[in-house]
Amino acid sequence: MTTRAGFVALIGEPNAGKSTLLNRMVGAKVSIVTHKVQTTRTRIRGVAMEGEAQIVFVDTPGLFQPRRRLDRAMVAAAWGGAADADIVVLMVEAHRGITEGVERILEGLTEIAKGRTVALAINKIDRVPAEKLLGLSEALNARFGFARTFMISAERGHGVDDLRKWLAAELPESPWLYPEDQIADLPMRMIAAEITREKLTLRLHQELPYQLTVETENWEERKDGSARIDQVIYVMRDGHKGIVLGKRGETVKAVGQAARAELEEFLDRKIHLFLQVKVRPNWLEEAERYSEMGLDFKDGN
Ligand SMILES: Nc1nc2c(ncn2[C@@H]2O[C@H](COP(=O)(O)OP(=O)(O)OP(=O)(O)O)[C@@H](O)[C@H]2O)c(=O)[nH]1
Ligand SMILES: [Mg+2]
């Protein structure tokens, strides 16, 4: 039996649908998704099997023009994910087409493409009339030598099976890299923190989601099979703390309930989730916050 295995990095602008595609490929939610840009902050691996091939998908933070240290570390993590992969899939949103951001990514891809296959996935095809897609595909292929172009809807599943089959066949012969039943390799405490951050991002407006981080501080197994999880939400200002808490603590309570429900489903057990909000004006400049997120602090320099 010939087995194949390797890494497939999903890259693209923020909001392109990378995390949605990873989750669909894996068949479980291992990477958080929101309608807002810059949701994913670090590389997240998810494992999919296709016949005798094991495809390790690497979800990456969106590529954009970084301003803050955190932005720079995220963008570095994304390019690093591409540089470590056997195959890179660039995701472009069908309805947005070739934006300035896509142009910049194409420039960066030239360097990354040396010695690896790069494919194009035009995503969200459910949002545009079919006749628009051909033109976009031609325009993108005129700018870069993609090995293949796929028209997909990560959300609805169109074209996703074709993409997975093609990727499986392109991967090098290799023993599998993960046990057959493993779907992710992010530590559970990080997945739990991400779930809470997703619920916060969905509920809070404007810049606030970009100015907070969530960490799992403690995870205690209980005799009855349940677990107690203590998390801290770090914000930068007193005013932010007030907003996260909400009137009479309503906001943080709703966030906690939503996060707990998802954690219980994911882990299939009872969870007691305790959230605490702490003001930490300088968290964006603290090395420890980055290592907790799985980012390299010095990449943010
Ligand atoms: N209509 C439509 N929406 C989609 C599709 N794929 C993803 N989305 C939506 O696009 C938004 C962004 O999806 P994500 O998967 O979080 O995008 P991302 O590329 O991981 O974004 P970042 O982590 O911010 O870089 C979400 O609201 C998704 O539901 C699709 O095929 N069609
Ligand atoms: Mg994402």
Side-chain angles (χ1 to χ4, degrees), residues 8-46 48 57-68 70-82 88-97 99 101-102 104-105 108 120-130 132-133 136 149-164 184 186 190-191 193-195 197-214 262 293-295:
V8 175
L10 307 175
I11 68 163
E13 283 193 281
N15 234 17
K18 302 174 294 294
S19 303
T20 305
L21 182 62
L22 176 100
N23 292 340
R24 180 166 283 280
M25 289 294 193
V26 171
K29 183 165 156 191
V30 295
S31 191
I32 63 171
V33 170
T34 79
H35 58 287
K36 296 191 180 155
V37 297
Q38 297 165 38
T39 298
T40 306
R41 287 184 175 165
T42 189
R43 288 187 292 256
I44 293 179
R45 291 174 181 173
F57 285 96
V58 184
D59 185 16
T60 65
L63 293 161
F64 60 104
Q65 292 252 283
R67 287 177 297 128
R68 311 175 299 170
L70 174 60
D71 303 342
R72 289 191 294 273
M74 284 162 54
V75 168
W79 281 120
V88 175
V89 177
L90 172 65
M91 294 183 69
V92 173
E93 286 171 282
H95 60 291
R96 294 184 69 228
T99 58
V102 169
R104 268 195 298 273
I105 295 171
L120 172 67
I122 298 179
N123 188 32
K124 309 195 185 181
I125 59 167
D126 54 285
R127 293 193 59 167
V128 297
K132 272 198 150 182
L133 293 171
L136 177 57
T149 298
F150 295 85
M151 310 283 188
I152 67 167
S153 170
E155 194 162 77
R156 302 197 184 175
H158 304 302
V160 169
D161 290 344
D162 283 348
L163 172 58
R164 189 173 45 234
L186 207 61
M190 273 177 78
I191 293 181
E194 285 287 275
I195 290 173
R197 193 166 62 80
E198 181 191 82
K199 305 311 173 202
L200 285 163
T201 303
L202 290 172
R203 211 163 271 270
L204 300 170
H205 302 293
Q206 287 151 1
E207 290 300 304
L208 200 40
Y210 307 105
Q211 300 188 3
L212 59 80
T213 187
V214 181
E262 191 165 317
M293 279 185 263
L295 284 174

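Remember, it's 1-based here, ligands and their atoms both numbered in the order they're listed. Computed from heavy atoms alone, side chains included, the values below leave out hydrogens, waters and symmetry copies.
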Residue and atom name of the nearest protein heavy atom (relative to atom 25 (O) of ligand 1), distance in Å to one decimal | K18 NZ, 2.9 Å

Determine the minimum heavy-atom distance between L22 and G46, stating which atoms define it.
-> CD1-N, 3.8 Å

Among non-hydrogen protein atoms, atom 3 (N) of ligand 1 lies closest to E155 OE1, 3.5 Å

Looking at S153, which atoms of ligand 1 are within less than 4.0 Å of one of its heavy atoms?
-> 30 (C), 31 (O), 32 (N)

Write out the residue and atom name of the closest protein heavy atom to atom 17 (O) of ligand 1, then the distance separating them to 0.1 Å.
-> G17 N, 3.1 Å

Shortest protein heavy-atom distance from atom 32 (N) of ligand 1, along with the residue and atom involved = D126 OD1, 2.8 Å

Taking the Mg ion (ligand 2) as the apex, OG on S19 and OG1 on T40 give an angle, to 10°, of 90°

Look at ligand 1 and say whether A16 reaches it with a heavy atom at a distance under 4.0 Å.
-> yes

Are any of the N or O atoms of I152 closer than 3.5 Å to those of ligand 1?
-> no

Among all protein heavy atoms, pick out the one at the shortest distance from atom 27 (O) of ligand 1; state its residue, atom name and that distance to 0.1 Å.
-> H35 CA, 3.4 Å

Just how far is it from atom CG of L120 to atom CE of M91, taken to the nearest 0.5 Å?
-> 10.0 Å

OG1-CG distance between T20 and N15, expressed to the nearest 0.5 angstrom | 8.5 Å

Check if R127 has a non-hydrogen atom at a distance under 4.0 Å from any atom of ligand 1.
-> yes

Does K132 NZ have over 12 foreign heavy atoms under 6.0 Å away?
-> no

Nitrogen or oxygen atoms of P14 and ligand 1 under 3.5 Å apart = no

Looking at G62, which atoms of ligand 1 are within less than 4.0 Å of one of its heavy atoms?
-> 25 (O)

Kindly confirm whether the Mg ion (ligand 2) is within less than 2.8 Å of some N/O/S atom in N15?
-> no

Mind running side chain to side chain contact (heavy atoms under 4.5 Å, CB included) on Y210 and L204 for me, showing each step along the way?
-> CA-CA 10 Å; Y210 307 105; L204 300 170; over 6 Å; no

Can you find an N or O of Q38 that's nearer than 3.5 Å to an N or O of ligand 1?
-> yes

T20 N/O to ligand 1 N/O under 3.5 Å | yes

Could you find the nearest protein heavy atom to atom 6 (N) of ligand 1 and give me its residue, atom name and distance?
-> N123 ND2, 3.3 Å

M293 CE to R197 CZ distance, which is reported to the nearest 0.5 Å = 8.0 Å

Nearest protein heavy atom with distance in Å, relative to atom 10 (O) of ligand 1 | K124 NZ, 2.9 Å

For atom 12 (C) of ligand 1, what's the nearest protein heavy atom and its distance?
-> N15 OD1, 2.9 Å

Against heavy atoms of V37, which atoms of ligand 1 measure under 4.0 Å?
-> 24 (O)

Is the count of non-hydrogen atoms from other residues, nucleotides or ligands lying under 6.0 Å from R68 atom CZ greater than 12?
-> yes

When only distance counts, is R156 in polar contact with ligand 1, meaning an N/O pair under 3.5 Å?
-> no

Hey, is ligand 1 close enough to I32 that some N/O pair sits below 3.5 Å?
-> no

Of the listed options I125, T34, T201, closest to atom 16 (O) of ligand 1 (non-hydrogen atoms) | T34

CD (Q65) and CZ (R104) are apart, to the nearest 0.5 Å, by 3.5 Å

Pairwise distance CD1(I44) to CG(L10) - rounded to 0.5 angstrom | 11.5 Å

How far apart are the C-alpha atoms of I152 and H158, what are their side-chain angles, what is the distance that settles it, and do they pass the side chain to side chain contact (heavy atoms under 4.5 Å, CB included) test?
-> CA-CA 5 Å; I152 67 167; H158 304 302; 5.8 Å; no

Between the NZ atom in K124 and the CZ atom in R96, the distance rounded to the nearest 0.5 Å is 8.5 Å

Any luck finding a side-chain donor-acceptor pair between S19 and D59 under 3.5 Å?
-> yes

